[in-house]
Amino acid sequence: MFDKLKKAFGGSDEAPKAEKKVEAAPVKEEVKAEAPAETKAASAKPRIGYIHLSGCTGDAMSLTENYDILSTVLTDMVDIVYGQTLVDKWIHGTFAEEMPEMDVCLIEGSVCLQDEHSVHELLEAREKSGLIVAFGSCAVTGCFTTYARGGQQAQPKHEAFLPISSLVKVDAALPGCPVAPEMIAKTVVAVCEGDLDYLKPAMDLAACNAGCGCDVLTNVIRQGLCSGCGTCGLACPTRAMGYSEGRPSCDRDRCIKCGTCYVMCPRSWLPEGRIKKETGL
Ligand code: SF4
Ligand code: SF4
């Protein structure tokens with residue numbers, strides 16, 4: 001199932017190391033054979049990791065707001081093998097010194113170039129994960145960390161914060177400040193079930209690391225696609241998106257560059273053929 005997903009995501013060309021080890025290294029097979037029954041059962045589920053870079057934990061909090069189904073999603077459907085906030089380093093009774101291999105890794109927050117540990121953790125996650133998901137707008141677009149300029153104690157040199165796709169290949173992106181709880185839960189389910197139709201927009205967004213209220217101006221209104229529905233204004237977390245004569249306009253001083261308005265716009269994901277038909281372009 002994950003092979004199919006990886007191909008579709010166009011993600012890491014390398015298979016997760018765990019798979020390689022099973023095929024190529026008999027020694028590792030022995031280790032696997034000694035694993036407790038609980039580990040074997042858990043390994044049948046997708047191994048999910050969560051990494052917290054320069055974010056506010058709001059996206060992880062949003063995940064936990066799936067109150068009714070949280071235990072089903074996190075306990076029955078996936079195996080959370082790594083992540084500050086969500087798990088400690090004790091995995092199935094063993095103290096994990098290092099980041100384990102993962103099928104999917106959710107990464108929250110942008111990456112600070114002057115923070116060696118953050119850069120190292122991001123690169124290591126790419127190496128050890130089948131799929132990398134930029135989790136929340138800070139990871140996807142940089143969001144409000146776009147405005148970071150350094151000069152603050154106790155690390156005045158921490159001044160450059162980038163979307164994670166600036167440093168590593170990202171397979172899917174879930175923008176939002178924070179990401180909607182429903183979107184997180186449905187994405188987890190879609191990953192477990194290999195539902196590529198649901199995942200397609202997130203996959204298309206993987207390489208898009210710019211977000212701004214101007215996106216709807218450039219990509220929707222100026223393409224003649226805006227219907228004046230108001231969804232972009234409802235989706236904006238800072239009320240930066242206003243209206244004038246039935247069309248949105250962005251107050252750039254309020255915009256935190258989360259990219260949510262464009263993603264939520266019902267005209268932003270029209271198939272290319274339909275766009276051509278509607279606009280005659
Ligand atoms: S959500 Fe899209 S279609 Fe609706 S008003 Fe905003 S830009 Fe226009
Ligand atoms: S206008 Fe609002 S939703 Fe759009 S990028 Fe700016 S803050 Fe985000």
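Counting starts at 1 for both ligands and their atoms, following the listed order.
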Subject >> Near atom 8 (Fe) of ligand 1 (under 2.8 Å) - protein N, O or S atoms >> reply: C226 SG

**OP:** Output the list of atoms in ligand 1 that are nearer than 4.0 Å to some heavy atom of P266, sorted by atom number.
**Re:** 1 (S)

Subject >> Salt-bridge criterion met for D215 and K257 (N-O under 4.0 Å) >> reply: no

Original post:
If every non-hydrogen atom of A60 is compared with every non-hydrogen atom of Y50, which pair is closest and at what distance?
Top reply: CB-OH, 3.5 Å

Original post:
Quick one: NZ on K128 to CE on M102, what's the gap to the nearest 0.5 Å?
Top reply: 7.5 Å

**OP:** Drop me the distance from L74's CG to N66's CG, to the nearest 0.5 angstrom.
**Re:** 8.5 Å

Original post:
If you draw a sphere of radius 2.8 Å around atom 8 (Fe) of ligand 2, how many protein N/O/S atoms end up strictly inside it?
Top reply: 1

**OP:** Specify the closest pair of heavy atoms between C255 and Y147, including all atoms of both residues, with the distance to one decimal.
**Re:** O-OH, 3.0 Å

**OP:** Measure the shortest side-chain to side-chain distance between S110 and L162 over non-hydrogen atoms and say whether it is less than 4.5 angstrom.
**Re:** no

**OP:** Mind checking the SG-CZ spacing from C138 to F144? Nearest 0.5 Å is all I need.
**Re:** 4.5 Å

**OP:** Output yes when R47 and D103 qualify as a salt bridge under the 4.0 Å nitrogen-oxygen rule, no when they do not.
**Re:** yes

Original post:
Counting heavy atoms not belonging to E65, are there more than 12 under 6.0 Å from its CD?
Top reply: yes

Original post:
So, do S137 and T260 sit near enough that their side-chain heavy atoms are less than 4.5 Å apart?
Top reply: yes

